[in-house]
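Report on the following structure.
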Protein chains: 2
Amino acid sequence: MRVLNPNISVDCVVFGYAESELKVLLIQRDASIANDRSLLSWSLPGDLIQDDEGLDDAAHRVLQELTTLDNVYLKQFGAFGDPARVKKPSDKIWLQKTRDYPEARVITVAYFALVNIMQFEPHPSNFAVDVQWLSFKDLSHDLAFDHEEIIQKGIEALRREIDVSPIVYNLLPPKFTLSQVQELYEVISGENYDKRNFRKKILAKDILKPLDEWQKGVSHKPAQLFELSE
Amino acid sequence: MRVLNPNISVDCVVFGYAESELKVLLIQRDASIANDRSLLSWSLPGDLIQDDEGLDDAAHRVLQELTTLDNVYLKQFGAFGDPARVKKPSDKIWLQKTRDYPEARVITVAYFALVNIMQFEPHPSNFAVDVQWLSFKDLSHDLAFDHEEIIQKGIEALRREIDVSPIVYNLLPPKFTLSQVQELYEVISGENYDKRNFRKKILAKDILKPLDEWQKGVSHKPAQLFELSE
DNA sequence: CCAAAAGTGTTATCCGTACACCCATGC
DNA sequence: GCATGGGTGTACGGATAACACTTTTGG
């Protein structure tokens, strides 16, 4: 297929939440073309934009191929196009193997996505030989291209967003406890909140519905479960 | 000059402030190539990105060419790439006249800029036959491409920013009155503020320095002038 | 003297924060 | 019965919001 915009891509910073940690979904590019292990650095899922495709559509497509999920929360948070973003030798090699114009700098439009980590099983796809949830707090420092910077900007965008919009519930299962919500807010913001004040504030928003269900199998007082209203 | 990214541009929403109104700097594309008046719709200043140029650099360059100003406050606020963004016949003609790949959709990275409107005189340049400050509140509805949407998104980004960062002073002359500051905040946000509370809040930020100078030639009590500290 | 905008303080209300104890469960 | 996290209310302080009159100047 002919691509008229050979050097514009989208990349998705897919956030998940498990084991009290924020996770990022990263892939390993298919290096079989090179049989070169150095190409196996982790990178963000992304793809070139197709000619007839909007930016949001491209991001949704990437996510759909990777996770089989539709209707994922996605938000554009920036475009990255530093000419120096391709500085690692392994990145250069990879571009030469896969791109029509390897010498052209690629400009990428970045999105962050929020998914409930239980909703799918990461599996290799046609553009990724390996797919894994990596813990945000100990991400390796040799991600491909400038993906480390993009992830950093992504979490900053996420932090700005959670105060103003109830998007964090995309990271939780349909039924959750208030302590889970609090812990999630704490992990994202890096701050600790007082339990009573947090519950007061979050219930005042009037978007949570208490259920007649409680945690089971925990060796302490079971917590009540909630869901998003409507 | 060969451009490896023939279809990525930057566009700048340049805001200015005069006569108690927010203004946007718009240009008219050079239509001499077509002798076609329909190409004379207003559009945002912008240009294709050069191969060796970062996105921010490209935006600064566009602004520099247009205003002769360096060091302008610039902030990226979004990328736009709807395939339907080229829907007006006049836009299509213009692309055919000026682009190597007119059939390719152009993706643009948008910036907003804040300038003191007195700092330069708009003048035609090599890419604009006319340059004018147009009042934001009565912008025409047939701007080129999706520039109307971009401007709308630009002011939303500006609104988000003014609460958190003292960037509005970029729109004012070096010396200003508190009433000017208040009016500017009101124009941008669309809200009205109480005079006493506003002054209290803004002086509490401790970034304004009162001068030993007062307004002259006004037929009422002259206001004290302030400047940004440091 | 009149019009027009500058300048100034106090009070009430709301919101964020700090803080400690009892409860239900599994083992 | 003990360890573990669940669940609850109140009091304080700071920030925000409401509000009206006097001052200075030009015409």
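Below, each value reflects all heavy atoms present in this structure, side chains not excepted, and no hydrogens, waters or symmetry copies. Each chain gets a letter, A, B and so on, in the order its sequence line appears, and its residues count up from 1.
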Do A:Phe198 and A:Tyr185 pass the ring-ring contact (aromatic ring centres under 6.0 Å, His included) test, and can you show the C-alpha distance, the side-chain angles, and the key distance before you say yes or no? CA-CA 10 Å; A:Phe198 183 83; A:Tyr185 268 93; 5.6 Å; yes
B:Ile151 vs B:Leu44, test: side-chain contact (heavy atoms from CB on, under 4.5 Å). Steps then yes/no. CA-CA 9 Å; B:Ile151 293 173; B:Leu44 291 170; 3.8 Å; yes
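Computed from coordinates, the A:Phe198 CZ to D:dG9 P distance equals 18 Å when rounded to whole Å. We find that CG of A:Leu203 is positioned 14 Å from P of C:dG16, with the value rounded to whole Å.
Taking CG of A:Asn116 as the start and CG of A:Leu114 as the end, the distance is 11.0 Å to the nearest 0.5 Å. To the nearest 0.5 Å, atoms CZ (A:Phe80) and CD1 (A:Ile107) are separated by 12.5 Å. Residue A:Phe120 holds its CZ atom at 7.5 Å from CG of A:Leu63, rounded to the nearest 0.5 Å. With values rounded to the nearest 0.5 angstrom, A:Thr67 atom OG1 is found 8.0 Å from A:Leu25 atom CG.
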Let me have the donor-acceptor pairs involving side chains of residues 11-22 of chain B, under 3.5 Å, with sequence neighbours excluded, atom names and distances please.
residue : atom : partner  : partner atom : Å
B:Asp11 : OD2  : B:Thr108 : OG1          : 2.8
B:Tyr17 : OH   : B:Glu183 : OE1          : 2.7
B:Glu19 : OE1  : B:Lys23  : NZ           : 3.2
B:Ser20 : OG   : B:Glu183 : OE1          : 3.3
B:Ser20 : OG   : B:Glu183 : OE2          : 2.9
B:Glu21 : OE1  : B:Ser135 : OG           : 2.9
B:Glu21 : OE2  : B:Lys137 : NZ           : 2.7

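The salt bridge (charged side-chain N to carboxylate O under 4.0 Å, His left out) analysis of residues 215-224 of chain A, with sequence neighbours excluded, yields no pairs.
Shown for residues 213-228 of chain A: residues whose heavy atoms fall under 4.0 angstrom of DNA chain D, namely A:Ser219, A:His220, A:Lys221, A:Pro222, A:Ala223, A:Gln224. Near DNA chain D, meaning a heavy atom under 4.0 Å away, the residues from residues 171-189 of chain A are A:Ser179.
Below 30°, between 30° and 60°, or above 60°: for A:Phe112 and A:Phe77 the angle between ring planes is between 30° and 60°, a tilted geometry.
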Per-nucleotide protein contact string for nucleotides 10-21 of chain D, where B marks a base within reach and S marks sugar-phosphate only (heavy atoms under 4.0 Å, - for neither): B------BBBB-
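Partners of A:Glu186 by salt bridge (charged side-chain N to carboxylate O under 4.0 Å, His left out), not counting sequence neighbours: none found.
Listed pair B:Arg199 / C:dT8 fails the phosphate criterion, with no side-chain N or O lying under 4.0 Å from OP1 or OP2.
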